[in-house]
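Inspection log for the structure reproduced underneath, given as structure tokens.
Whatever order the structure lists them in is the order used to number ligands and atoms, beginning at 1.
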Amino acid sequence: MDLKTFEAGAWAVLQEAASDPQAGFRYLTLCTVDALVQPQARTVVLRQCADDHRMLTFHTDVRSPKWQEMAANPQVTVLGYCHQRRLQLRLAGRVECYAAGSDVSRKAWRALPQHTRQTYTGGPPGDARTTANEAPDPTAAETGESRFGVVIVRVSVLDAYQLQRNENQRALFHYSSMGALQESKWLNP
Ligand SMILES: Cc1cc2nc3c(=O)[nH]c(=O)nc-3n(C[C@H](O)[C@H](O)[C@H](O)COP(=O)(O)O)c2cc1C
């Protein structure tokens, strides 16, 4: 395999995962650094992948701690492993965060199904509650949009690792801020 094929394959599987809930890279780990310089990681759903611009899109609640963490420090790492393909992708980059009122969030909100919108109608993520399940507030339906945020990661480095019996392969790819491939090289796995 050559570097070009390896890189194209990595982006193709991400692209695929953005529209396939069953795909291995559908659920990715988004890592931020908090105000105490503690690394933070959580699972997020890959909503879009603009592979030509090396951009990944996620949705979140702007009241969740990660939103403030990314506002203070936009450098993030996204990690995924597809068991079926035996492929690990580690993507480092900068986020752009779009809160309610922005064209980006308005457009994304319009495309969300009702049950997904519902997830933004509860209390602030991470706040304490008294029971495991709280009755949904029927009047809260419209307020979800004000809490909905879109996170776009512009990837600057991709570290791709293919597990293969006896011949693991690993390569590093660097991108410009516009997503142009600037450098690629094989690494020792
Ligand atoms: C399978 C799965 C998918 C999730 N998808 C998202 C998501 O797309 N966006 C999101 O903000 N949180 C998602 N979560 C919840 C986060 O993992 C996390 O618990 C929550 O956003 C609070 O994160 P924070 O406290 O680091 O801000 C998901 C959790 C699971 C288990």
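- Ion pairing between a basic and an acidic side chain is recognised when a charged N comes within 4.0 Å of a carboxylate O; Arg63 and Asp61 show such pairing.
- In this structure, atom 31 (C) of ligand 1 has no protein heavy-atom contact shorter than 4.0 Å.
- The backbone N or O of Met55 sits nowhere less than 3.5 Å from a side-chain atom of Gln48 that would complete a donor-acceptor pair.
- At a heavy-atom distance under 4.0 Å, only side-chain atoms of Tyr27, from C-beta outward, approach ligand 1.
- Here the heavy atom of the protein found nearest to atom 19 (O) of ligand 1 is Arg42 CB, 4.6 Å.
- Remark: among candidates Thr60, Thr43, Asp34, the nearest residue to atom 2 (C) of ligand 1 is Thr43, based on non-hydrogen atoms.
- Side-chain atoms of Arg147 come within 3.5 Å of backbone atoms of Tyr120 as a donor-acceptor pair (strictly under, hydrogens ignored).
- Few gaps surround CD on Glu183; more than 12 heavy atoms of other groups in view lie less than 6.0 Å from it.
- Listed for the Arg26 side chain is a donor-acceptor partner under 3.5 Å among the backbone atoms of Ala18.
- Near Ser64, meaning under 4.0 Å from one of its heavy atoms, ligand 1 places the atoms 27 (O).
- Polar contact check, His59 against ligand 1: a nitrogen or oxygen pair lies under 3.5 Å apart.
- If you check which protein heavy atom lies closest to atom 25 (O) of ligand 1, you get Pro65 CD, 3.4 Å.
- Counting the atoms of ligand 1 from 1 in the order shown, those under 4.0 Å from a heavy atom of Val44 are 5 (N), 6 (C), 7 (C), 8 (O), 9 (N), 10 (C).
- Of the protein's non-hydrogen atoms, Val45 N, 2.9 Å is the one closest to atom 8 (O) of ligand 1.
- With hydrogens and angles ignored, the 3.5 Å screen pairs no side-chain donor or acceptor of Glu96 with any backbone N or O of Ile152.
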Evaluate the criterion side chain to side chain contact (heavy atoms under 4.5 Å, CB included) for residue pair Leu30 and Val76; output intermediate values, then yes/no.
CA-CA 7 Å; Leu30 170 67; Val76 301; 4.0 Å; yes
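- Atom 22 (C) of ligand 1 has its closest protein heavy atom at Lys66 NZ, 3.5 Å.
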